[in-house]
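All remarks here apply to the structure that follows.
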Amino acid sequence: MRSSIRRSMPLFPIGTVMKLTDLSARQIRYYEEHQLIHPQRTEGNRRLFSLNDIDRLFEVKDLLDEGINMAGIKKLLLEEGKTVVHSDLKDEEGKGKKDFTDEEVRKLLRKELINAGRFQRPDSSFGEKFRKFH
DNA sequence: ATTCTTACA
DNA sequence: TGTAAGGA
């Protein structure tokens, strides 16, 4: 299939994920405890989230808005999780979910790099834009 | 400046 | 879930 960057590649620190998903660090870490996401760690023990982790976070957020509790969310996402967790080479097959094109990924990464070396900037639209890819 | 873990007036 | 504390 197309030449895409593996969606499970560790890329963003928790701060970025917070802005993207509009979830608190507390919530993100809590969902990790519940095996809903599996961010990797850097040598310094910092979490690095992949695009798959972020997708999952959005799903969790949606389910939460629908009034579903952790137990329910885990039951729903954990099954599918078996596919996502080990999806280094393939993860969209049979799930009906679109994959990011290299250009889309590069676009996101570029934005990250640009904002990485600058002060604090309140961004409220990126999360929605990102979400639109779904 | 950021993120991490632990714990709870 | 928020938030403070103390270290990396």
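These values consider heavy atoms only, across backbone and side chains, with no hydrogens, waters or symmetry-generated copies. Chain A is the first sequence line, chain B the second, and so forth, proteins listed ahead of strands; every chain is numbered from 1.
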Between atom [atom1] of [X] and atom [atom2] of [Y], what is the distance when rounded to the nearest 0.5 Å?
X: A:Glu32; Y: A:His38; atom1: CD; atom2: NE2; result: 8.0 Å
X: A:Arg26; Y: A:Met18; atom1: CZ; atom2: CE; result: 12.5 Å
X: A:Met9; Y: A:Leu51; atom1: CE; atom2: CG; result: 9.5 Å

Got [X] and [Y] here, is their nearest side-chain heavy-atom distance under 4.5 Å?
X: A:Asp22; Y: A:Lys61; result: yes
X: A:Met70; Y: A:Leu36; result: yes
X: A:Ile28; Y: A:Ile37; result: yes
X: A:Arg41; Y: A:Arg47; result: yes
X: A:Thr21; Y: A:Phe49; result: no

Reading DNA chain B 5' to 3', what string of ( ), [ ], | and . shows its pairs, if Watson-Crick and G-U wobble pairs count only when both distances fall under 3.5 Å? .|.|||||.

Using side-chain contact (heavy atoms from CB on, under 4.5 Å) as the criterion, point out the one residue from A:Val17, A:Leu57, A:Ile54 that pairs with A:Leu23. A:Leu57

Does the protein touch nucleotides 3-9 of chain B at the base, only the backbone, or not at all? Give it as B, S and - per nucleotide, heavy atoms under 4.0 Å. BSB----

At a 4.0 Å cut-off to heavy atoms of chain A, the contacted part of DNA chain C spans C:dT1 to C:dA8

Check whether any side-chain N or O of A:Asp55 sits under 3.5 Å from a backbone N or O of A:Asn52 as a donor-acceptor pair, and report yes or no. no

